[in-house]
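We're numbering straight along the sequence, starting at 1.
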Amino acid sequence: MSESLAEVQRLIELHHERDERAAAANVLQELEQRLQSLHPADIAYILEALPLDERLLVWERVKSQQDGDILLEVSDAVRETLIESMEPDELVAAARQLDTDELADLAGDLPRQVVYEVMGELDEAEREQLQSALSYPEGSIGALMDFELVKIRADVSCEVVLRYLRRFDELPHQTDKIFVLDAQEVLCGVLPLRSLLVADPEQMVSEVMATEVVSFQPEDEARDAALAFERYDLVSAPVVDERGALIGRLTVDEMVDVMREESDSEVLNLAGLKEEEDLFAPVVDSVKNRWSWLAINLCTAFVASRVIGAFEHSINQLVALAALMPIVAGIGGNSGNQTITMIVRALAMGQMQIGQAWRLWRKELGVSIINGLVWGGAIGLIAWALYGRLSLGLVMLAAMTLNLMLAATMGVLIPSLMQKLGRDPALGSSVLITACTDSGGFFIFLGLATLFLL
């Protein structure tokens, strides 16, 4: 993809350099031909990596038949800029290219009138499917399920199934199994294609099918389904209602997108960013996305400064304290971020329950004590060698150990408390843990130094 991006950027620069209209048109024609040879996902990658003016230039050269697929692939922030640049009739044409489940993914970003117009052109069954998908909240399985699937009855032979499959022009994408239903449309098993192909044609489906099926309900969390896909190496899985009737399916490509979005969201939240940001977004938009946690960080930094100010007399008496105290705070912040990253990941993967926080805290506390004694002892020896005071080295050892213990405690407490309050445990955790270890580290180190050195 990077090679395609470099080639597109070269053509854009060449277009800007050409003054003659005919020469510029030739460059644009070459650009259009280059884009036609790319997959929609590659074009989406290129659009996300370009400033707004160049992005819109490339977007205008994309074949209209690809618009819908590309809009599905780009990030939410970039999709917004592309949709704003399109006329209503262009948006309707792009939406017409999409399947029902894909249209449901995009509907929330389209103007309401465009959605109504496209829905009016769907047949009754497709309209019901779209309305069903739109009725489920974002992040649920119902909002992501696919309605294109192959289903059969259990009381037919494998030969009949094979003849039935030959009637399709092509099977729905990610089809690795056929869903077996009873007379009431209730799911009773699945028939993997690999089993069908090697089975005796005279065998009944009920004899070949697998009855132990990993299935989901539309109200389930998409994140939990993604973890199940990873755990069981699934390609597709059925979605059933409360009575077990088949209403759709999940596919691995949707689950990969969910896992990627969860990973991106976790990284952004740890840094205190509210949402995914367009790399080339206007300055005002970027400021709105970042200001809140910067304001919190400013407040916590002020608290840390007041802690230092409270020990100003001690620092004036022993200047070495000013040189050494950032080490205690910095190591504590690093250790706290390690702990908080592990806890947030465990919560996201479903590997940790809130009731296990006490056990994990004891484990992290043990790790912090050992690290504090080892690395605190090392920096204590260095402080002793530099300043010639054994007592200063011992204070460094004690302060480092205590601050690492504080970091371990807050690293477990902050995400656990956020989870218990129903908030994203990653949201601003990195900012909060750094604030605790900075203020706590300064207070512990300067307090010990005041007690034992001055």
Using modelled atom types and a 3.5 Å cut-off, is there a donor and acceptor pairing between side-chain atoms of [X] and backbone atoms of [Y]?
X      : Y      : answer
Ser140 : Pro137 : yes
Thr175 : Leu171 : no
Arg423 : Met418 : no
Arg249 : Asp146 : no
Ser335 : Gly332 : no
Gln129 : Phe147 : no
Asn337 : Gly333 : yes
Ser416 : Val412 : yes
Asp42  : Leu38  : no
Thr434 : Ser430 : yes

If you count heavy atoms of other groups shown closer than 6.0 angstrom to [atom1] of [X], is the number above 12?
X      : atom1 : value
Phe443 : CZ    : no
Arg345 : CZ    : no
Met86  : CE    : yes

Work out which heavy atom in [X] is nearest to a heavy atom in [Y]; give both atom names and the distance.
X      : Y      : value
Ala94  : Asp67  : CB-CB, 3.7 Å
Leu130 : Thr100 : N-CG2, 3.4 Å
Ser439 : Val307 : O-CG1, 4.0 Å
Leu406 : Cys436 : CD2-O, 3.7 Å
Arg79  : Val74  : NH2-O, 3.2 Å
Leu72  : Asp105 : CD2-CB, 4.0 Å

With a 4.5 Å heavy-atom cut-off, do [X] and [Y] have their side chains touching?
X      : Y      : answer
Met410 : Ile340 : no
Val328 : Ile444 : no
Leu321 : Phe445 : yes
Asp69  : Leu98  : yes
Gln66  : Gln97  : no
Leu347 : Pro415 : yes
Ile308 : Met325 : yes
Ser132 : Met145 : yes

From CA spacing to verdict: side-chain contact (heavy atoms from CB on, under 4.5 Å), Val190, Ile178
CA-CA 6 Å; Val190 295; Ile178 302 170; over 6 Å; no
For Arg96 and Val92, what are the C-alpha separation, side-chain angles and deciding distance, and is it a side-chain contact (heavy atoms from CB on, under 4.5 Å)?
CA-CA 6 Å; Arg96 285 178 183 144; Val92 171; 3.5 Å; yes
Distance-only check: which donor-acceptor pairs under 3.5 Å involve side-chain atoms of residues 383-394, not counting sequence neighbours?
residue	atom	partner	partner atom	Å
Arg389	NH2	Leu453	O	3.3

Could you give the side-chain donor-acceptor pairs of residues 359-367 under 3.5 Å, partners two or more places apart or in another chain?
residue	atom	partner	partner atom	Å
Trp361	NE1	Thr409	OG1	2.9
Glu364	OE1	Thr339	OG1	3.2

Under the side-chain contact (heavy atoms from CB on, under 4.5 Å) criterion, do Ile331 and Asn403 qualify, and how do the steps go?
CA-CA 9 Å; Ile331 296 298; Asn403 198 31; over 6 Å; no
Would you please test Leu446 and Ile315 for side-chain contact (heavy atoms from CB on, under 4.5 Å) and show each step?
CA-CA 8 Å; Leu446 294 175; Ile315 296 174; 4.1 Å; yes
Using 0.5 Å steps for rounding, measure from the [atom1] atom of [X] to the [atom2] atom of [Y].
X      : Y      : atom1 : atom2 : result
Trp59  : Ile43  : CH2   : CD1   : 8.5 Å
Leu191 : Met209 : CG    : CE    : 9.0 Å
Leu404 : Asn371 : CG    : CG    : 6.5 Å
Leu448 : Ser314 : CG    : OG    : 11.5 Å
Leu324 : Met400 : CG    : CE    : 9.5 Å
Glu84  : Leu91  : CD    : CG    : 11.0 Å

SB check Lys151 Glu185 (cutoff 4.0 Å)
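Salt bridge present between Lys151 and Glu185.
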Please list every donor-acceptor pair under 3.5 Å in which a side-chain atom of residues 220-245 meets a protein atom from a residue at least two apart or in another chain.
residue	atom	partner	partner atom	Å
Asp220	OD2	Gln217	N	2.9
Ser236	OG	Asp176	OD1	2.5
Asp241	OD1	Arg243	N	3.1
Asp241	OD1	Gly244	N	3.1
Asp241	OD1	Ala245	N	2.9
Arg243	NH1	Gln184	O	3.4

